[in-house]
Amino acid sequence: MTYTIEDLLEELEEINHYQVRAISFGSVKYVNSVVTSPADRKFISDLCQRTKTGGNFSTKQAEIAKKIIRKYASAFSQKRESNYAPQKTYIMLTELEVHAVCDRSLFRIEPYISSNVPRIVRYLGHRKLGFQSKYSPQVIEKIKSLGDPINPSKKSGFPYFNKKHKIWVVEVTENNLEKVMKVIKKFNFEFDEDTVQFLTDCTNSTTMQSTAEVKDNMIYITSQNNDLLARWVENILSIEELMNV
């Protein structure tokens, strides 16, 4: 019989549940599960929900699916008997046969081409960076962690996802500057000169003092390393702009 990648992925999901179901039908837990990685279990579950309703994979998902199937190839040769479905026919394959199925890359429905969304970070003004990336739980988790530890997101409102422009907006302060730069480097976000200049200014400002100078009947304020002063200046400027409209 010729098997598809979808067949093996769905069988792997069944294999993963087999032991616990056989022990206790009413309580499915991941105790001694074949698929040891929580991330792999989530990926298998999500894709199987799609395949069982006639959906298909993206080309990138297809490659990840094959990688996971290869990873647990030995599970397909294990003896499996079901107390709750005695008539079920299992896919019994050796490791070599599993790898051969993956090599053939045969699918029920051909995968669609994955969209190429580059990872980009841009300076938005007012100490804000915009992060754009294709959906990735790992990347999103790291971006969400970029809230100022002194002023957490529950109070400051950052980071947040802008649905209209489909970007994550992060406010950069001295307290999260180092983490922001690490995320950009770790996930290879593309940046432009304005972003580099902003991050450079932020780095240099950590050792500088805020200053104010009166010149030509104007007050020139440079806010360095002082969030309270920066917010006060922003609010005053906003009020003056409204008054001049």
Side-chain angles (χ1 to χ4, degrees), residues 1-120 131-143 161 166 186-190:
M1 181 175 179
T2 302
Y3 294 109
T4 66
I5 298 300
E6 291 95 333
D7 292 331
L8 295 197
L9 199 66
E10 290 170 6
E11 183 71 14
L12 188 56
E13 184 183 41
E14 281 294 320
I15 293 171
N16 188 52
H17 286 285
Y18 160 69
Q19 286 181 315
V20 250
R21 280 180 173 170
I23 295 171
S24 175
F25 178 77
S27 177
V28 179
K29 299 179 180 179
Y30 289 111
V31 179
N32 299 321
S33 59
V34 172
V35 182
T36 54
S37 165
D40 290 346
R41 291 198 295 263
K42 181 68 166 60
F43 183 85
I44 292 170
S45 176
D46 289 348
L47 284 196
C48 283
Q49 287 182 25
R50 183 179 304 180
T51 61
K52 291 174 182 178
T53 56
N56 60 336
F57 307 151
S58 70
T59 50
K60 187 170 183 179
Q61 288 170 333
E63 290 304 313
I64 297 174
K66 288 191 289 184
K67 183 177 180 180
I68 290 177
I69 291 169
R70 291 179 189 275
K71 182 177 179 180
Y72 301 104
S74 62
F76 290 87
S77 60
Q78 297 176 9
K79 183 179 179 180
R80 303 188 291 283
E81 296 178 355
S82 174
N83 293 329
Y84 64 92
Q87 304 304 318
K88 179 176 174 56
T89 302
Y90 294 100
I91 297 175
M92 301 294 290
L93 298 172
T94 66
E95 289 189 48
L96 287 177
E97 289 171 331
V98 170
H99 286 291
V101 173
C102 292
D103 290 340
R104 286 197 296 271
S105 292
L106 181 63
F107 295 88
R108 293 177 198 160
I109 306 175
E110 281 301 309
Y112 59 87
I113 303 298
S114 298
S115 58
N116 183 23
V117 179
R119 289 174 180 167
I120 297 173
F131 288 81
Q132 181 187 61
S133 171
K134 184 177 179 179
Y135 177 75
S136 165
Q138 187 180 12
V139 173
I140 291 175
E141 181 182 357
K142 288 297 182 182
I143 291 177
F161 184 69
K166 297 182 179 180
K186 179 177 180 178
F187 295 107
N188 297 315
F189 277 92
E190 298 176 9

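Throughout, numbering of the chain's residues begins at 1 and tracks the sequence.
Listed by chain and number, the residues in a side chain to side chain contact (heavy atoms under 4.5 Å, CB included) with Thr94 are Leu96, Glu97 (sequence neighbours excluded). Scored by the salt bridge (Lys or Arg N to Asp or Glu O under 4.0 Å) test, Glu10 finds Arg108 as partners (sequence neighbours excluded). Partners of Thr59 under the side chain to side chain donor-acceptor pair (under 3.5 Å) rule, at least two apart in sequence or in another chain, are Ser114. Qualifying salt bridge (Lys or Arg N to Asp or Glu O under 4.0 Å) partners for Lys52, counting only residues two or more places apart in sequence or in other chains: Glu13. A search for side chain to side chain donor-acceptor pair (under 3.5 Å) contacts involving Tyr3 returns nothing, not counting sequence neighbours. Not counting sequence neighbours, Lys67 has no partner by the salt bridge (Lys or Arg N to Asp or Glu O under 4.0 Å) test. Remark: Arg104 pairs with no residue by the side chain to side chain donor-acceptor pair (under 3.5 Å) rule, at least two apart or across chains. Among residues two or more places apart in sequence or in another chain, the ring-ring contact (aromatic ring centres under 6.0 Å, His included) test is passed with Phe161 by Trp168. Listed by chain and number, the residues in a salt bridge (Lys or Arg N to Asp or Glu O under 4.0 Å) with Lys60 amount to none (sequence neighbours excluded). Every side chain to side chain donor-acceptor pair (under 3.5 Å) that Lys66 has, sequence neighbours left out, goes to Glu63, Ser105. Legend: residues meeting ring-ring contact (aromatic ring centres under 6.0 Å, His included) with Phe189, ordered by chain and number and at least two apart, are Phe131. Partners of Gln138 by side chain to side chain contact (heavy atoms under 4.5 Å, CB included), not counting sequence neighbours, listed by chain and number: Ser136, Lys186, Phe187.
Only one option out of Leu9, Ile109, Ile64 pairs with Phe57 in a side-chain contact (heavy atoms from CB on, under 4.5 Å); it is Leu9. Among Arg50, Lys42, Gln49, the single residue meeting the side-chain hydrogen bond (donor to acceptor under 3.5 Å, both in side chains) criterion with Asp46 is Lys42.
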>> Test side chain to side chain contact (heavy atoms under 4.5 Å, CB included) on Asp7 and Val101; report intermediate values, then the result.
In response: CA-CA 10 Å; Asp7 292 331; Val101 173; over 6 Å; no

> Step by step, would you call Arg70 with Asp103 a side chain to side chain contact (heavy atoms under 4.5 Å, CB included)?
Replying inline: CA-CA 10 Å; Arg70 291 179 189 275; Asp103 290 340; 2.6 Å; yes

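In this structure, the separation between NZ on Lys71 and CG on Asp40 is 4.0 Å, given to the nearest 0.5 Å. Between Ile68 atom CD1 and Leu47 atom CG the span is 7.5 Å, to the nearest 0.5 Å. Atom CZ of residue Arg119 and atom CD of residue Glu190 lie 10.5 Å apart, to the nearest 0.5 angstrom. Expressed to the nearest 0.5 Å, how far CD1 of Ile91 lies from CD of Glu11 amounts to 4.5 Å. Taken from CD in Glu6 to CG in Leu106, the straight-line distance is 8.0 Å, to the nearest 0.5 Å. For the atom pair OG (Ser58) and NZ (Lys134), the distance works out to 5.0 Å, reported to the nearest 0.5 Å.
Nearest heavy atoms, His99 versus Ala73: NE2-CB, 4.1 Å. Between Leu8 and Phe76, the shortest heavy-atom contact is O-CZ, 3.5 Å. Contact detail for Ile5 and Cys102: the closest heavy-atom pair is CD1-CA, 3.9 Å.
Counting heavy atoms from C-beta outward, Thr36 and Tyr72 have side chains that approach closer than 4.5 Å. Residues Pro137 and Phe43 have side chains not in contact (no heavy-atom distance under 4.5 Å, counting atoms from C-beta outward).
Asn16 places a side-chain N or O within 3.5 Å of a backbone atom of Val35 that can act as its donor or acceptor partner.
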